[in-house]
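This report refers to the structure that appears directly beneath it.
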Amino acid sequence: MKNKIYIVGMGPGREEMMTGEAAAALERADIIVGYTVYIDLLRKRFPDKELASTPMRREEERCRLCFAEAEKGKRVALVCSGDAGVYGLASLMYEMGKEYPQTELTVVPGVTAACSGAALLGAPLNHDFCVISLSDLLTPWETIEKRLEAAAKGDFAIALYNPSSHKRKDHLKRACDILLRYLEKERACGYVESVGREGERAETCTLGELRDMQVNMFTTVFIGNAGSEIIGGKLITKRGYGAENEGDIAVCGNDRGAQII
Ligand code: SAH
């Protein structure tokens, strides 16, 4: 019999935003392990469950704890915010898992901030898009710059994670300056803060305004593509349906010609 660890994405915060599969995995677990803030969120829902937390930046320790508990025969759930495979601990668990061949890992998907935030803002990612983290803790800043440039040149809509932290207050400004080399300052943008948590808010703005915005570490930022528009206070990246074809049938133009869908 293999030991079992479920790596669970719990969504942005509010219980209803967790998938049924994620809730079931937590329900079945003997012990839930996570970052202190998420464990506190879960304490109300699972008052009788064994819960273990480690502070932020102690990710390796948190993963080790999961394997140690699984080796005792417990069914373990490791929780991450959003999705565990988007700037989460899923990959580190698989790397560490080489040392624990008796332990089986299962990833349970969650709603990542790009998706929950996009829903609040309208439809900012409704065409090809890139997700870029502005955190240079694990990625050199030069790599981040290169990816920002490539996304701008490729006319992708962009979701920016980790736009700020206590130590890195100016990363969003630096990122906007790079994007402004390629994009106009009127480019439609937006940001969301604390989705599914106390203080939730969503705002639209231009790229020029975004440059001077002070955002916090619970913010996800959205940059529209060349065709994005702010409609009724929402940030909309168009899919390409012909506006003249309103009604039940939409005509979608692409490289291969028009297509009825
Ligand atoms: N695994 C997480 C991302 C972790 S990286 C996920 O899939 O969502 C941390 C960054 O995610 C934050 O800096 C912020 O940009 C974004 N984020 C996470 N939760 C958020 C929330 N509730 N509201 C807005 N942004 C959030």
Side-chain angles (χ1 to χ4, degrees), residues 6-19 21-22 25-26 32-42 53-59 62-63 77-94 107-122 124-125 129-139 141 144 147-148 151 157-176 189-205 210 213-223 235:
Y6 291 83
I7 306 163
V8 182
M10 57 180 268
R14 212 171 47 239
E15 196 182 316
E16 307 87 79
M17 297 175 95
M18 197 187 289
T19 69
E21 195 185 357
L26 297 184
I32 304 176
V33 178
Y35 164 45
T36 322
V37 171
Y38 309 139
I39 290 298
D40 288 345
L41 286 172
L42 290 171
S53 58
T54 63
M56 201 157 78
R57 303 278 195 85
R58 303 288 275 277
E59 286 83 6
R62 202 176 307 149
C63 292
L78 169 64
V79 287
C80 293
S81 79
D83 184 274
V86 180
Y87 311 117
L89 290 178
S91 48
L92 179 57
M93 286 296 286
Y94 278 96
V107 178
V108 180
V111 181
T112 188
C115 294
S116 57
L120 264 188
L121 267 177
L125 303 179
F129 68 93
C130 282
V131 173
I132 301 175
S133 167
L134 297 189
S135 169
D136 62 355
L137 288 176
L138 303 172
T139 308
W141 180 255
I144 297 170
R147 290 176 182 164
L148 286 166
I158 307 169
L160 297 177
Y161 283 55
N162 295 301
S164 175
S165 76
H166 295 307
K167 286 201 187 127
R168 305 170 274 112
K169 292 247 176 280
D170 67 334
H171 277 199
L172 181 59
K173 181 172 283 181
R174 285 163 69 186
C176 288
C189 293
Y191 60 94
V192 294
E193 216 175 273
S194 301
V195 181
R197 302 183 194 166
E198 212 181 307
E200 175 182 279
R201 78 193 185 106
E203 303 286 344
T204 57
C205 59
L210 191 63
M213 210 73 84
Q214 198 47 258
V215 295
N216 64 31
M217 59 191 292
F218 304 111
T219 308
T220 300
V221 171
F222 296 80
I223 323 280
L235 176 59

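Whatever order the structure lists ligands and atoms in, that order sets their numbers, starting from 1. Everything numeric in this text was worked out from a predicted model, so none of it was measured.
Between M18 and the options V8, L42, V111, a side-chain contact (heavy atoms from CB on, under 4.5 Å) holds for only L42. In summary, of the residues considered (T220, L160, L172, V192), a side-chain contact (heavy atoms from CB on, under 4.5 Å) with V215 occurs for L172 alone.
The closest protein non-hydrogen atom to atom 4 (C) of ligand 1 is Y87 O, 3.8 Å. Looking only at protein heavy atoms, the nearest one to atom 14 (C) of ligand 1 is T219 O, 3.3 Å. Of the protein's non-hydrogen atoms, the one nearest atom 12 (C) of ligand 1 is M217 O, 3.2 Å.
Considering backbone and side-chain atoms together, E193 places no N or O closer than 3.5 Å to any N or O of ligand 1. Ligand 1 has a nitrogen or oxygen under 3.5 angstrom from a nitrogen or oxygen of A113. Taking any N or O of V86, backbone or side chain, at least one lies under 3.5 Å from an N or O belonging to ligand 1. Ligand 1 has no nitrogen or oxygen under 3.5 angstrom from a nitrogen or oxygen of Y161.
W141 does not carry R168 over the face of its six-membered ring by the limits of under 6.0 Å from the centre and within 45° of the normal.
Contacts of P163 with ligand 1, taken as heavy-atom pairs under 4.0 Å, involve the side chain alone.
Here the shortest heavy-atom distance to atom 16 (C) of ligand 1, taken over N162, T220, V111, V221, belongs to T220. The closest heavy-atom contact to atom 19 (N) of ligand 1, among the options R197, R201, E200, comes from R197.
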